[in-house]
2 protein chains.
Amino acid sequence: MDATDRKILAILQEDSSLPVAEVASRVNLSQTPCWRRIQRMEETGVIRRRVALVDPDAIGLGLSVFVEIETGDHSAEWLERFAREVEAMPEVMEVYRMAGDVDYLLRIAVANMAEYDGFYRRLVALLPLKNVTSRFAMERVKYTTAYPVGEAATGGR
Amino acid sequence: MDATDRKILAILQEDSSLPVAEVASRVNLSQTPCWRRIQRMEETGVIRRRVALVDPDAIGLGLSVFVEIETGDHSAEWLERFAREVEAMPEVMEVYRMAGDVDYLLRIAVANMAEYDGFYRRLVALLPLKNVTSRFAMERVKYTTAYPVGEAATGGR
DNA sequence: GATGAAAAATCCAACCG
DNA sequence: CGGTTGGATTTTTCATC
């Protein structure tokens with residue numbers, strides 16, 4: 001992964017619908033080598049997938065809720081089962097296992113409070129949890145899937 | 001946006017590199033009407049963009065940190081400026097204005113603790129903030145950009 | 001690796017029920 | 001709205017440097 005690959009990544013993270021020829025010209029390369037670089041990054045898993053990003057408001061899922069969960073003392077198997085079940089819930093967009101007092105942090109996308117309440121009930125009914133805190137987002141100020149891939153940001157990796 | 005559009009969205013949110021003919025056959029449509037539906041959803045902004053999703057570990061940005069910020073009492077202009085400045089920082093992947101005691105919640109992607117420390121110093125130097133709390137993720141259990149678009153999930157919108 | 005060009009696949013527009 | 005056809009564009013492969 002050299003500087004050219006990173007430039008390609010920066011472009012494709014913003015717009016993956018661009019023709020390879022266009023990407024190539026922007027990184028001062030001709031089509032084929034550029035195409036091979038993209039291909040290689042897809043094979044090696046640097047590029048995980050290409051997706052369409054949907055506007056949550058447009059499909060009526062504009063409410064983001066962050067859920068902080070303390071699981072309490074539990075076995076590794078219990079925790080694994082918890083993670084698997086939460087993962088399978090479609091409203092759950094992100095799940096992180098955290099350091100510190102909160103064990104898991106979830107981002108939930110729902111239509112409104114009533115729907116969130118439904119989700120919350122299903123969540124706490126799933127398994128016994130020590131503590132569950134809901135924090136509601138008023139506004140999504142920034143949301144990007146594009147990681148910074150410039151020299152400075154990655155430490156020249 | 002009918003059920004067919006939602007089916008198309010579900011597919012494209014998972015893999016937008018599929019040829020239209022493939023999408024069309026999966027939703028029992030021929031190529032052109034399917035293509036027209038996709039086109040329309042792009043024009044109306046339901047589909048915001050098509051992007052490549054990069055594996056953060058593969059580019060050395062595997063550390064996720066959540067930052068909770070209390071700004072304190074400030075004017076609308078001050079808050080707007082704050083939002084604009086934070087938004088412009090490339091390590092910042094998500095920013096939410098929150099209800100409750102925490103004013104903003106940020107998700108930061110960095111390479112390691114040292115880099116996070118650098119980000120933190122730049123953040124607090126930006127403007128005076130009442131309180132800043134960092135929470136570190138040990139593991140990303142789930143991350144998806146695909147909103148649930150089934151009948152049940154959207155309330156039949 | 002890079003290049004240019006040809007072959008294959010895909011997109012998109014024109015046109016019809 | 002949906003379907004079919006075909007030219008334009010793009011992707012992908014292949015020789016050549």
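Just so we're clear, the structure is a prediction, and the values are computed from it rather than from any experiment. Per chain, numbering begins at 1; letters A, B, ... match sequence-line order.
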I need the [atom1]-[atom2] distance between [X] and [N], as an integer number of Å.
{"X": "B/Gln39", "N": "C/dC11", "atom1": "CD", "atom2": "P", "result": "11 Å"}
{"X": "A/Glu22", "N": "D/dT9", "atom1": "CD", "atom2": "C1'", "result": "14 Å"}
{"X": "B/Ile38", "N": "C/dC11", "atom1": "CD1", "atom2": "P", "result": "8 Å"}
{"X": "B/Arg40", "N": "D/dC1", "atom1": "CZ", "atom2": "C1'", "result": "10 Å"}
{"X": "B/Met41", "N": "D/dC1", "atom1": "CE", "atom2": "P", "result": "12 Å"}
{"X": "B/Arg50", "N": "C/dC11", "atom1": "CZ", "atom2": "C1'", "result": "11 Å"}
{"X": "A/Arg37", "N": "C/dT3", "atom1": "CZ", "atom2": "C1'", "result": "14 Å"}
{"X": "B/Gln31", "N": "D/dG6", "atom1": "CD", "atom2": "P", "result": "14 Å"}

**Message:** What I want to find out is whether B/Glu94 reaches A/Arg140 closely enough, with some N-O distance under 4.0 Å, to be called a salt bridge.
**Reply:** no
**Salt-bridge contact B/Asp5-B/Arg37 (side-chain N to carboxylate O under 4.0 Å)** = yes
**Prompt:** Under 4.0 Å between a side-chain N/O of A/Arg36 and OP1 or OP2 of D/dT13, yes or no?
**Reply:**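 For D/dT13, neither OP1 nor OP2 has a side-chain N or O of A/Arg36 closer than 4.0 Å.
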**Asked** Below 4.0 angstrom from OP1 or OP2 of C/dC11, is there any side-chain N or O of B/Trp35?
**Response**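 Checking B/Trp35 against C/dC11: no side-chain N or O falls below 4.0 Å of OP1 or OP2.
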**Prompt:** When you measure from the side chain of A/Thr32, which nucleotide among C/dT3, D/dG3, C/dC11 comes out closest?
**Reply:**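 Ranking C/dT3, D/dG3, C/dC11 by closest atom to the A/Thr32 side chain puts C/dT3 first.
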**Asked** For the side chain of A/Pro33, counting heavy atoms from C-beta on, which of C/dA2, C/dT10, D/dG3 is nearest?
**Response** C/dA2
**Prompt:** According to the interplanar angle, ranging from 0 to 90°, do the rings of B/Phe66 and A/Tyr96 count as parallel (below 30°), tilted (30 to 60°) or perpendicular (above 60°)?
**Reply:**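 Rings of B/Phe66 and A/Tyr96: perpendicular, over 60°.
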**Mutual orientation of the aromatic rings belonging to B/Phe136 and B/Tyr116 [parallel < 30°, tilted 30-60°, perpendicular > 60°]** =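 Ring orientation, 0 to 90° scale: perpendicular.
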**Fill in**
Between B/Asn28 and A/Ala21, the residue closer to the 5' end of DNA chain D by nearest nucleotide is B/Asn28
